[in-house]
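Only a predicted model underlies this, so the values are computations on that prediction, with no experimental measurement involved.
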Amino acid sequence: MTPTATAEATTPATPPTTPAPTGGAGSVPGLGGLPYVPSPRELPTGDARQLTRVFFERLRSLEEGTRAHQYVRNTLIEMNISLVHFAARPFRDRPGGPENEDVVQVGIIGLIKAIDRYDPDRNTQFATLAMPYITGEIKRHFRDTTWSVRVPRRLQELRVELAKATEALTSASEHAPTPAELAAHLALTEDEVRQGLVAANGYSTQSLDAPQQTTGSAQAPAAGPAARSLAETLGDTDPALEAVEDRHALAPLLADLDERSTRLLQLRFGEELTQAEIGAELGLSQMQVSRLLSRTLGTLRAELLHD
């Protein structure tokens, strides 16, 4: 073997480098020597962790607002977007919560805050700082947007504590805890517990037009009347109730009328006959019927108002 061949055999092969295309790191002033990442979101976890450290070291030396600073910061966001998807997983498809894409967008806000506050000199993994920021932003979004009725933050947090305490006490005593038991368990007053229980009703609401579930079975029968909405089961003010007091006060006055006046009122308002028909029934003219009705009604009105 010749010396040239021996040298070629002992020299380690260097991995091929990805050339920086136009618009990448190589085209941004001040980024010489920084690895070019063509697809930051597709990096394996180990590679993303190592490159994150490298990019943070470069980010601290760049002036904020420059093209180089913007490129490095955006690449850090793209490389660590998997942290957002991991943190958002428990919150997806939560009843009454936002759509999956909304959860991810909110989590990215927390990721950006973590990037702006991370200090590489502390020798901590970036994920250790980022996860609390991401989950905190998602929880804040749920707290501020998923409640049907806006209640103070203190009561929102108390609802969670009450739910946990109720579950624990129910498992221990095999019955639903009373407000006094919840207060003793949480070291609160009964008034605070009752206030939290009332506020918890504002988390979700139901439309008045929504069909009501049948209590007898979880499934509606195949044939039969359709389920009524809640609005159809709520009572309303009966207009006839307004006339009850008037009728009660008018009853003794009607009893004091003579037989002809009583008959006249019965034909007019009971059988709803016209004055001409009443006159034919009683043997009177229409003019006489009109005068008798006016005099009788005037007398009743005066006595009713006087009483």
Side-chain angles (χ1 to χ4, degrees), residues 95-96 144-152 154-156 158-159 162 176 178-180 189-307:
D144 295 341
T145 61
T146 58
W147 280 72
S148 299
V149 179
R150 189 68 179 270
V151 300
R154 173 181 60 85
L155 296 178
Q156 294 180 5
L158 180 58
R159 169 184 171 271
L162 287 173
T178 63
T189 64
E190 291 190 37
D191 290 339
E192 290 175 328
V193 170
R194 291 191 179 93
Q195 189 178 15
L197 293 174
V198 172
N201 295 326
Y203 183 76
S204 61
T205 58
Q206 185 180 12
S207 173
L208 292 176
D209 296 326
Q212 298 300 294
Q213 296 291 339
T214 56
T215 56
S217 61
Q219 184 174 348
R228 294 188 300 173
S229 65
L230 179 60
E232 294 175 324
T233 63
L234 298 177
D236 197 1
T237 303
D238 189 350
L241 291 176
E242 300 178 359
V244 171
E245 185 178 354
D246 294 338
R247 291 178 179 178
H248 182 73
L250 191 60
L253 302 180
L254 293 175
D256 293 338
L257 293 177
D258 57 70
E259 182 178 355
R260 188 176 67 172
S261 297
T262 302
R263 179 62 177 165
L264 185 67
L265 294 178
Q266 180 182 1
L267 294 175
R268 181 67 184 93
F269 299 103
E271 301 182 15
E272 296 183 353
L273 300 181
T274 63
Q275 293 182 1
E277 292 172 337
I278 294 173
E281 179 73 21
L282 300 179
L284 301 173
S285 65
Q286 181 177 353
M287 183 64 68
Q288 291 175 317
V289 171
S290 176
R291 290 175 179 175
L292 288 174
L293 280 175
S294 298
R295 184 170 62 246
T296 302
L297 294 176
T299 301
L300 291 175
R301 185 180 299 106
E303 293 181 0
L304 185 63
L305 294 177
H306 175 71
D307 294 340

* To do: Answer yes or no: is there an ion pair linking Arg194 with Glu190, defined by an N-O contact shorter than 4.0 Å?
  =>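 Here Arg194 pairs with Glu190 in a salt bridge, since their nearest N and O are under 4.0 Å apart.
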* Asked: What are the two closest heavy atoms between Ala249 and Leu304, and how far apart are they?
  -> CB-CD1, 3.7 Å
* **Nearest heavy-atom neighbours spanning Leu158 and Glu192** => CD2-O, 3.5 Å
Atom [atom1] in [X], atom [atom2] in [Y]: separation rounded to 0.5 Å?
X	Y	atom1	atom2	result
Gln275	Leu292	CD	CG	10.0 Å
Arg260	Leu284	CZ	CG	6.0 Å
Arg263	Ile278	CZ	CD1	9.5 Å
Thr299	Leu253	OG1	CG	10.5 Å
Arg159	Leu197	CZ	CG	11.5 Å
Ser261	Gln266	OG	CD	12.5 Å

* Flag, side chain of Ser294 to backbone of Ser290, donor-acceptor distance under 3.5 Å ->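 Checked: pair present.
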* For the pair Gln288 (side chain) and Gly279 (backbone), establish whether a donor and an acceptor sit closer than 3.5 Å, ignoring hydrogens and angles. =>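 Side chain of Gln288 to backbone of Gly279, a donor-acceptor pair under 3.5 Å: no, none is there.
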* Around Glu271, counting heavy atoms of other residues, nucleotides and ligands shown, do more than 12 lie under 6.0 Å from its CD? ->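 Enclosed: over 12 neighbouring heavy atoms sit under 6.0 Å from CD of Glu271.
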* Assess whether side-chain contact (heavy atoms from CB on, under 4.5 Å) is satisfied between Thr262 and Leu254, documenting all intermediate values. => CA-CA 7 Å; Thr262 302; Leu254 293 175; over 6 Å; no
* Would you indicate whether the side-chain heavy atoms of Leu282 and Leu264 approach each other to under 4.5 Å? => yes
